[in-house]
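The sequence lines fix the lettering, A, B, ..., with proteins before strands; numbering per chain opens at 1. Since this is a predicted model, take the numbers as computed values, not measurements.
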Amino acid sequence: MENDDDAPPLAVRIGKEPESNPPERSYRSQNVQRGTSEESPVGVTVITGYLGAGKSTLVNYILNAQHGKKIAVILNEFGEEIGVERAMINEGEGGALVEEWVELANGCVCCTVKHSLVQALEQLVQRKERLDHILLETTGLADPAPLASVLWLDDQLESEITLDSIITVVDAKNLQRQLEEHLKSSFFPEAFLQIAFADVVILNKVDLVLQEGYGLDTSSILEELEKKIYDINSLATVIHSVRCQVDLCKILDRQAYGAKNIAHLEKLLEDSKSTFSRSRHDNTLRTLCIYEEQPVDLDMVRSWLEDLLWEKKSNMDVYRCKGVLNVLNSDQLHTLQAVREIYEIVPARKWHQGKKQMSKIVFIGHNLDISILADSFRSCTVLT
Amino acid sequence: MDTDSSTPTESGLSCARCGKPAYLQCPKCVELKLPQEGSTFCTQDCFKISWSSHKLVHPKSKLANVRSAHSEQSLDGWLYCLKNGQARTSKLPHFGWTGALRPCPISKRRLVPDGVEKPDWSIDGIPKTELNSDLQNIVEIKTPEQIELMRETCRIAREVLDAAACIIRPGITTDEIDEVVHQATIAAGGYPSPLNYHFFPKSCCTSVNEVICHGIPDARKLKDGDIVNVDVTVYYKGVHGDLNETFFVGEVDEASQQLVRCTYECLEKAISIVKPGVRYREVGEVISRHATMSGFSVVKSYCGHGIGELFHCTPNIPHYGRNKAVGIMKAGQTFTIEPMINAGVWRDRLWPDGWTAVTADGKRSAQFEHTLLVTETGVEVLTARVPSSPDVFPWLKLNHP
């Protein structure tokens, strides 16, 4: 019926295909490559803290400060699980806040290595011409560990994003009370977990503490609070602030989860030398540190760590772990890092000449027993 | 034959005859608004030479590209899939296609009889039980009863895949493969797990050439020289069995044969290390080593997974090396290993349908998958080939009796 005769017609020039992404909000059908000028991944900072502690203040401060960086803020309601459907993207550029609601990729979570949150953040980075940093402000997130696990990606994935640090904002005025809640109940209040997993603790509203003198030496109140924070997490950097006005260099680009930021790690480990748990059996959430001068066998260390993290050896609950290893038959300093069950040991750099080579590991957890930890780690040394 | 479009045209289209970048299109196809796939050519010469076979795609009426000897299905009502399966459109979506492949319209949803036990997503698309389960955090040790159930379901899944393998040939559409899988599954009393899982519209995944995984069965006819992966999962007596194989369509070029064989070997080698006490992390090392040595790359975005009463649960098993997978294998654990190996780069892209994953450079990808059980001394391949499995892998004839 159609005139499909034997002679072929003249083929026509293919029309120019329209733009591959019409201006829709959906992130799907993205094909935009990230500019080649940006080689290093964009850091993601997770901001946790009690309602009212000052998270929003911090976020607004970061967005509005004249720093020349293009920063996106994602506000998220986390509830029971990390299910991200909608998030508000809020970019501050020279003071102009652009708000848009974006429907994040509601992709299939089955058998994918990257959580949908990660995919959404990657698409955000691909979409923008230049993004220097991402802030993930969380509400209702009691335990940051699952979020950290999701964001702490394997290097192999060469993701456009990387977990930069976890910041918790605590309210200096109410912290004491929030920590004491623990004594009345059998589980740890949010404050403990948020501090345990933080790389930076912003001790906010210090001016309110100073105001309510009650005749007490206010600086010692702050000192006392700091000590409580360090008792829980000796690896954290504590910054005092009024209305979250902090030095941005101290909170952005911390690279807390990369192997590269060694100097920072070593400094922390040196400082924490003074923190020792006095009692053996301590059921509070706290920090412990162990040392070993003899070089350790790497395979044995892996098994030892897996026993702790995966098999919950001796009923100890390790939340976080960071350290430096003096490895047998290696001239490389190895770093160790763990968040709950996920851990990584990587060679970082050569030991410096003249520096004493030793292993130092800091644990943050619950039911920790320093003698078990120290003894079992020592059994990873190979006595010649 | 594998002239890859390393310098594709702006539109990313290749000549349907010789594979070189295409600048011309059949005017009839344009007039009839047929998909560009198969209707673009590099020169008038190639078009002229192809004309006698090409003109067959011009339908006499508004009907199908598909002419099935077995069904009277027309393409009336067949639409392109969007939004993970939650939406349809009559127009081919816009996208920067990475290779020659394009989506085709898909058929209407297939029905499952009342008597068949269905998972919770068959109703509303959301696997609620799975999302809320504790088995997303702890690896289950199966009881002997559960293991026996898994053996049976996996055997059924194997038979279903074998049935699909039997019909693979040039001219068959992936939709027809889906029909065979669907019918075979419900005939055995099972439910095809992919159907409506997170809104997936079909009963199996069919992944052609540059599609890495999760391809949606549609109206496209398989061509001589294609490779196609069929991924089957059956839900029967409350448990799932999951496997996939990559098949050759007609005569396939040497490079594709090597890719497919290497992928088969990656899975074989990974399975050989499975036993109690082995770290899940090791699987990726073994696969990555073999693939890299053969000059191929490993897809990193998708991984093996725990399976049982849930379709997907912990552990997550990446197929690339230097990963931080958690856990050590213990007897009684069941999971899949399903390496996806690419001829070119490892990166993947997602089509507008929200499911189909393709290689970023448009080169081919192959995959194989088994459901495995860790035994006291080693491993049991629950979805293993059986004597009646079709003889479609040339290398098996050489090495295995």
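- Atom NZ of B/Lys324 is separated from atom CG of A/Asp154 by 4.0 Å, given to the nearest 0.5 angstrom.
- By the 4.0 Å N-to-carboxylate-O rule, B/Arg322 lies too far from A/Glu344 to be salt-bridged with it.
- Interface residue B/Ile328: backbone and side-chain heavy atoms are both found under 4.5 Å from chain A.
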Between B/Tyr320 and A/Leu157, is the side chain to side chain contact (heavy atoms under 4.5 Å, CB included) condition met? List the steps.
CA-CA 9 Å; B/Tyr320 55 89; A/Leu157 294 172; 3.6 Å; yes
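- Residues A/Gln156 and B/Lys300 approach most closely at O-NZ, 2.7 Å, considering heavy atoms.
- Using a 4.0 Å cut-off between charged nitrogen and carboxylate oxygen, B/Lys330 and A/Glu311 count as a salt-bridge pair.
- Heavy-atom distances place both the backbone and the side chain of A/Leu10 under 4.5 Å from chain B.
- Using a 4.5 Å cut-off between heavy atoms, B/Val30 touches chain A through its side chain atoms alone.
- At a 4.5 Å heavy-atom cutoff, the contact between B/Ala325 and chain A is made by backbone atoms alone.
- Contact between A/Ala11 and B/Leu24 at its shortest, heavy atoms only, is CB-CB, 3.8 Å.
- Counting only distance, with no hydrogens or angles, the side chain of A/Glu341 and the backbone of B/Gly327 share no donor-acceptor pair below 3.5 Å.
- Counting non-hydrogen atoms of other residues, nucleotides and ligands closer than 6.0 Å to CG of A/Asn315 gives a total of 12 or fewer.
- In terms of heavy atoms, B/Arg279 sits closest to A/Ser303 at NH2-OG, 3.5 Å.
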